[in-house]
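A short write-up of the structure that comes next.
Counting convention: from 1, in listed order, for ligands and their atoms alike. Computed from a predicted model, the values in this text were never measured in an experiment.
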Amino acid sequence: MPTAPNDMMAPFTKRVDLASGAIPDAHRVQTRRLSDLRGLFGDADAEEAALAGDDPLVYRVYDAHDAPKVEGQLLFSTTVIEPGRVGAEFFMTKGHYHAKPDRTELYYGLKGEGYLLLQTRDGRVDAQRMTPGTAAYVPPHWGHRTVNTGAEPFVFLAVFPADAGYDYGSIREHGFASRIVGGGDGPRIVPNPTFQRA
Ligand code: PAN
Ligand code: ZN
């Protein structure tokens, strides 16, 4: 039984538009343009050049619903990352650890292709390839970022505890251990030389 009145939620269903990745009646849509990711791409000159242009859309997050930020509740959303690059580096999300660091997450690929990059504060690094139909698990304590390595939007569904929260500061301060760059022979995962362990 719920222990507080705001823990009570009615069952509901949301539709995900599989053609676009949008949730048409989302509670909230967050838009991330390149200016929101300023400083996160490796090629600072390419980033400045792109920012001097039209400040392109990089990704949108469709938050399906709102829920009390308490243990036991789930949130879910879709993320739609546009195709594109800054210099050689593919468009990506900001990336974060969860503010409650032991909170887990499940990603399910719906459209396009990309990678889930993961890292721990004590130096473990991982990359999971995601395509439509793949389910990728973000274990406790792993920071995570997604990257669109394809030519069409990369869309995935994310399901996570409502009390997970976001720590963006660690990634902004210390960077991500790996970057994904494009070249003649396809996407390459390369170490980030400026990365520092948090
Ligand atoms: C996802 C992410 C979403 C956008 O729902 O929040 O893909 O990435 P950033 O939050 O790093 O900008 C998730 O991991 N939620 O916990
Ligand atoms: Zn997360």
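With ligand atoms numbered from 1 in the order given, ligand 1 contributes 9 (P), 10 (O), 11 (O), 12 (O) to contacts under 4.0 Å with heavy atoms of Tyr168. Applying the 4.0 Å criterion to heavy atoms of Ala158 picks out, from ligand 1, the atoms 5 (O). Each of the following atoms of ligand 1 lies closer than 4.0 Å to a heavy atom of His144: 14 (O). Listed by atom number, the atoms of ligand 1 under 4.0 Å from Tyr166 heavy atoms are 6 (O), 15 (N), 16 (O). Close contacts between ligand 1 and Tyr59 involve ligand atoms 4 (C), 9 (P), 12 (O) [criterion: under 4.0 Å to a heavy atom]. Listed by number with element, the atoms of ligand 1 under 4.0 Å from a non-hydrogen atom of Lys94 are 11 (O), 12 (O). Near Glu105, meaning under 4.0 Å from any of its heavy atoms, are these atoms of ligand 1: 1 (C), 5 (O), 13 (C), 14 (O), 15 (N), 16 (O). In summary, the atoms of ligand 1 found under 4.0 Å from a heavy atom of Thr79, numbered by their order in the structure, are 3 (C), 7 (O).
Looking at Thr93, Ile81, Leu75, Asp63, it is Thr93 that brings a heavy atom closest to atom 8 (O) of ligand 1.
Cluster membership for Leu110 and Val80, using ILVMFWY side-chain heavy atoms within less than 4.5 angstrom, is shared.
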Problem - Stepwise ring-ring contact (aromatic ring centres under 6.0 Å, His included) check, His65 with Phe76 - result: CA-CA 7 Å; His65 66 110; Phe76 68 97; 5.3 Å; yes

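Shortest contact from atom 14 (O) of ligand 1 to any protein heavy atom: Tyr107 OH, 2.6 Å. Protein heavy atom at the shortest distance from atom 5 (O) of ligand 1 is Ser77 OG, 3.3 Å.
Salt-bridge formation is detected for the pair Asp163/Arg103: a Lys NZ or Arg NE/NH1/NH2 atom is positioned less than 4.0 Å from an Asp or Glu carboxylate oxygen. Here Lys14 does not pair with Asp17 in a salt bridge; the nearest charged N to carboxylate O distance is not below 4.0 Å. The pair Arg129-Glu113 counts as a salt bridge, with a side-chain nitrogen and a carboxylate oxygen less than 4.0 angstrom apart. Salt bridge Arg60/Glu82: absent, no basic N to carboxylate O contact under 4.0 Å.
For ligand 1, the polar-atom distance check finds an N/O of His96 within less than 3.5 Å of one of the ligand's N/O atoms.
Within the structure, ligand 1 has His98 among the residues with a heavy atom less than 4.0 angstrom away. Taking a 4.0 Å cut-off on heavy atoms, Ala164 fails to register as neighbouring ligand 1.
Checking side-chain atoms of Ser178 against main-chain N and O of Ile189 turns up no donor-acceptor pair under 3.5 Å.
Applying side-chain contact (heavy atoms from CB on, under 4.5 Å) to Val138 and the options Thr104, Asp126, Leu118 leaves one that passes, Leu118. When each of Arg145, His144, Glu105 is checked for a side-chain contact (heavy atoms from CB on, under 4.5 Å) with Leu116, only His144 meets the rule.
The NE2 atom of His98 and the NE2 atom of His144 subtend an angle of 100° at the Zn ion (ligand 2), given to the nearest 10 degrees.
A parallel orientation is assigned to the rings of Tyr166 and Tyr168, their planes being inclined by less than 30° (bins at 30° and 60°).
Minimum-distance N/O/S atom of Glu105 relative to the Zn ion (ligand 2): OE1.
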